[in-house]
Amino acid sequence: MNKFDVIIIGGGIIGSSIAYELAKRSKKVLLLERGRLASEASGAAAGMLAALVEMGLEVGPLFRLALKSRQMYPKLAHELRALSGIDIGFVDKGMLKVPLTGAEALEFEEIIKLQGSLGHQVSWCEKAHSKEPNLGQHISKVMEVLEDGQVDAPSLSLAFAKSAEALGTTTKEFTQVDDLLIEDGKLVGVKTLTENFRSDQVVVAAGAWSKNLLESHGYPLKTYPVKGECFSVLASQQLLESTVFSHGCYIVPKKGNRLLVGATAIPHTSDKKVSFQSVQSLMEKAKKLLPAIAETEWEKAWSGIRPQTDDGLPYLGMHPVYENLAIATGHYRNGILLSAVTGKLIADLLDGIENEDLHAFRLDRHTS
Ligand code: FAD
Ligand code: GLY
């Protein structure tokens, strides 16, 4: 039987990024995906690299990880294009965050003071319409974050996987892992419906479904699913240059005058139905931010399941019982942003390099 250095369970952006980093280090990798690559959360995401916009006053380990990851995209865009031929749609046009209440304006003021003092490019833009003329008339000032960009999330996820393949990784779609393969108390590979695969190391990167694989192996992850619904429309001309973000709604301008509008956050739900009510509520919010969106052509709606953890921090570390099993999940709203650094740090970990950056995300953090 063919033996691999590393088997990765899950062909979303996290598994694919880890595969890419390992393949760059000449590891023999098998990437197993139960459906199509990037068919779950990673294919549904808006692609914002919103370190500051999503995390605001956060300055802890997750924020530091997000900043490290964000700065990797300009170089990564070239690297992945050269290997896979895929354009990840990296855009560096900044983001505008719109305060909807007085309390939010005060909070943004704090963010600007704190993050500005730490050297981040964040400030009030007092004349929102000089930046984005199509914003709603009621919007006066917005918080401008120059360094938060965006990518095309499904393309980035596929680019990681295809670049890994170009470097020798074997990818198998429609191959569901049913269980870990344990012999004499040691992890030696994985079981699928049709065959077993052997490897020295295994990575669980199965997004919101990671928990299912680990439950029967003595270390339940404290994670839960959060559904996010989105829709997209096609405008006849460019309506926005920067991404516009507010509480409960964001509008991300994509190639070809396409606007992506997201997203709901419905906890403890793994069904992917998109409800009339959710789309209607997003439409109303989007119309307040950008009235001209009402004139655009409908494209489609979809949803994805975000993997969230009880304490809001991802799990990035080795399993406390099986020393050759790594876990990488729980990236919740920021898995696209965090994918680049996650791939690198998990590859380091499998190479025996313990990085201080991962300390807060270890699996046994609740018990030690
Ligand atoms: P997934 O993409 O869900 O991948 C896990 C994969 O594992 C799946 O393909 C699944 O089929 C596979 N799998 C599961 N079980 C098995 C098994 N037993 N055997 C084999 N394969 C298995 N993040 C950002 O940074 N920026 C954004 O703008 C952004 N917008 C978002 C908008 C929406 C609507 C949603 C839903 C999420 C958004 N996110 C965003 C979050 C981001 O999408 C996720 O954090 C990220 O995609 C998680 O990646 P993953 O690889 O862990 O999970
Ligand atoms: N980060 C955007 C979302 O998860 O909807």
Side-chain angles (χ1 to χ4, degrees), residues 7-19 30-51 53-55 66 69-70 73 95 148-154 156-157 160-161 171-180 190-193 197 202-214 223 225-232 243 245 248-250 252 260-266 269-270 272 274 278 282 301-309 314-316 327-343 346:
I7 292 174
I8 299 169
I9 309 169
I13 202 159
I14 299 301
S16 301
S17 169
I18 297 167
L30 175 62
L31 178 63
L32 297 175
E33 165 55 45
R34 67 176 179 190
R36 303 300 305 254
L37 290 168
S39 55
E40 295 288 351
S42 305
M48 294 174 289
L49 305 175
V53 163
E54 284 271 12
M55 297 188 201
S69 207
R70 195 184 61 183
Y73 287 96
M95 292 180 70
D148 281 356
Q150 57 140 320
V151 292
D152 182 76
L156 174 59
S157 194
F160 276 131
T171 301
K172 286 185 187 288
E173 293 182 304
F174 303 108
T175 307
Q176 173 161 325
V177 172
D178 289 330
D179 203 353
L180 303 174
V190 302
K191 296 180 190 175
T192 73
L193 197 60
F197 295 99
V202 175
V203 180
V204 175
W209 301 271
S210 300
K211 188 180 185 166
N212 308 350
L213 280 160
L214 293 165
T223 61
V226 182
K227 173 159 80 174
E229 296 149 292
C230 293
F231 70 86
S232 60
T243 296
F245 191 106
C249 181
Y250 49 76
V252 189
L260 190 160
V261 180
T264 56
I266 306 173
T269 311
S270 300
K272 295 210 296 180
V274 177
S278 294
L282 286 172
W302 66 92
S303 74
I305 309 298
R306 306 176 183 92
Q308 173 62 312
T309 61
Y315 286 111
L316 304 171
I327 317 296
T329 191
H331 295 75
Y332 187 42
R333 293 180 66 97
N334 293 301
I336 308 305
L337 167 65
L338 293 166
S339 62
V341 80
T342 298
I346 295 292

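Values reported hereafter were calculated over all heavy atoms of this structure, with side chains retained and with hydrogens, waters and symmetry mates removed. Counting starts at 1 for both ligands and their atoms, following the listed order.
- Judged purely by atom type and a 3.5 angstrom limit, S157 has no side-chain atom pairing as donor or acceptor with the backbone of A153.
- In terms of protein heavy-atom proximity, atom 24 (C) of ligand 1 is closest to R333 O, 3.1 Å.
- The main-chain N or O of A38 is never found under 3.5 Å from a side-chain atom of S42 such that the two would form a donor-acceptor pair.
- Given atom 32 (C) of ligand 1, the protein heavy atom at minimum distance is Y250 OH, 3.4 Å.
- In this structure, D179 contributes its side chain and K191 its backbone to no donor-acceptor pair below 3.5 Å.
- Counting heavy atoms under 4.0 Å from ligand 1, residue L32 touches it through the backbone alone.
- The shortest side-chain heavy-atom distance between E33 and S39 falls under the 4.5 Å cut-off.
- Nearest protein heavy-atom contact of atom 30 (N) of ligand 1 is A46 N, 3.1 Å.
- For atom 4 (O) of ligand 2, the closest non-hydrogen atom of the protein is R306 NE, 2.8 Å.
- Polar contact with ligand 1: absent for A38 (N/O pair, distance under 3.5 Å).
- Judged by the shortest distance from any of its heavy atoms, G47 lies inside the 4.0 Å radius around the atoms of ligand 1.
- Counting heavy atoms from C-beta on, the side chains of R34 and T175 never come closer than 4.5 Å.
- Protein heavy atom at the shortest distance from atom 53 (O) of ligand 1 is G207 CA, 3.5 Å.
- Distance alone, capped at 3.5 Å, places no donor-acceptor pair between the K227 side chain and the T269 backbone.
- A donor-acceptor pair is defined here as one N or O able to donate and one able to accept, closer than 3.5 Å; no such pair exists between the side chain of Q308 and the backbone of G330.
- Relative to atom 47 (O) of ligand 1, the option among G335, S42, G11 with the closest non-hydrogen atom is S42.
- At the shortest separation from atom 38 (C) of ligand 1 among protein heavy atoms lies A45 CB, 3.6 Å.
- Ligand 1 does not have T329 within reach: every non-hydrogen atom of the residue lies 4.0 Å or more from it.
- For a threshold of 3.5 Å applied to N or O pairs, the pair formed by A41 and ligand 1 contains at least one separation below that value.
- Of all the heavy atoms of T175, the ones lying under 4.0 Å from any atom of ligand 1 belong exclusively to the backbone.
- Closest to atom 50 (P) of ligand 1, if we only count protein heavy atoms, is I14 CG1, 3.7 Å.
- Counting heavy atoms only, P307 comes closest to atom 48 (C) of ligand 1 of the residues G12, P307, A51.
- Backbone and side-chain nitrogen or oxygen atoms of Y332 are examined, and one is located within less than 3.5 angstrom of a nitrogen or oxygen of ligand 1.
- Near G304, meaning under 4.0 Å from one of its heavy atoms, ligand 1 places the atoms 36 (C).
- Of the possible polar contacts, none joining the S17 side chain to the I14 backbone as a donor-acceptor pair under 3.5 Å is found.
- For C230, every heavy-atom contact with ligand 1 shorter than 4.0 Å involves the side chain, none the backbone.
- Of the candidates K211, E173, R34, Q176, the one placing a heavy atom closest to atom 22 (C) of ligand 1 is R34.
- Under a 4.0 angstrom heavy-atom cut-off, W302 registers as lying outside contact with ligand 1.
- Close approach of ligand 2 to A263 is summarised as follows: ligand atoms under 4.0 Å from at least one heavy atom of the residue are 5 (O).
- Counting heavy atoms under 4.0 Å from ligand 1, residue F174 does not touch it at all.
- Distances from atom 1 (N) of ligand 2 to the heavy atoms of M48, Q308, E54 put E54 nearest.
- For atom 19 (N) of ligand 1, the closest non-hydrogen atom on the protein side is V177 N, 2.9 Å.
- Some N or O of L337 is nearer than 3.5 Å to an N or O of ligand 1, by distance alone.
- What sits closest to atom 7 (O) of ligand 1 on the protein, heavy atoms only, is G10 CA, 3.3 Å.
- Look at R306 and E40 and you find no salt bridge, because none of the NZ, NE, NH1 or NH2 atoms lies under 4.0 Å from a carboxylate O.
- Not one N or O of G228 is nearer than 3.5 Å to an N or O of ligand 1, by distance alone.
- Under the 4.5 Å side-chain criterion, counting only non-hydrogen atoms from C-beta, I7 is not in contact with V203.
- Looking at I305 next to ligand 1, no N or O pair under 3.5 Å apart turns up.
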Exercise for the section: Test I266 against V226 for side-chain contact (heavy atoms from CB on, under 4.5 Å), laying out the working first. Expected result: CA-CA 5 Å; I266 306 173; V226 182; 5.7 Å; no
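- For atom 28 (O) of ligand 1, the nearest non-hydrogen atom from the set M48, Q150, E33 comes from M48.
- Side-chain N or O atoms of S69 include one that pairs as donor or acceptor with a backbone N or O of L337 at under 3.5 Å.
- Not one N or O of A44 is nearer than 3.5 Å to an N or O of ligand 1, by distance alone.
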Exercise for the section: Please assess V261 against S232 for the test side-chain contact (heavy atoms from CB on, under 4.5 Å), listing each intermediate value before the final yes or no. Expected result: CA-CA 6 Å; V261 180; S232 60; over 6 Å; no
Practice task
Please test Y73 against L156 for side-chain contact (heavy atoms from CB on, under 4.5 Å), starting from the C-alpha separation and ending with a verdict.
Solution key: CA-CA 10 Å; Y73 287 96; L156 174 59; 3.6 Å; yes
Exercise for the section: Please report the C-alpha distance between L32 and F197 in whole Å, then the side-chain angles of each, then the deciding distance to 0.1 Å, and finally whether the side-chain contact (heavy atoms from CB on, under 4.5 Å) criterion is met. Expected result: CA-CA 10 Å; L32 297 175; F197 295 99; 4.1 Å; yes
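- Counting heavy atoms closer than 4.0 Å to ligand 2, residue Y332 contributes nothing at all.
- Side-chain atoms of E229 and S303 include no donor-acceptor pair closer than 3.5 Å.
- For K272, the NZ atom sits in a packed shell: over 12 heavy atoms of surrounding residues, nucleotides or ligands are nearer than 6.0 Å.
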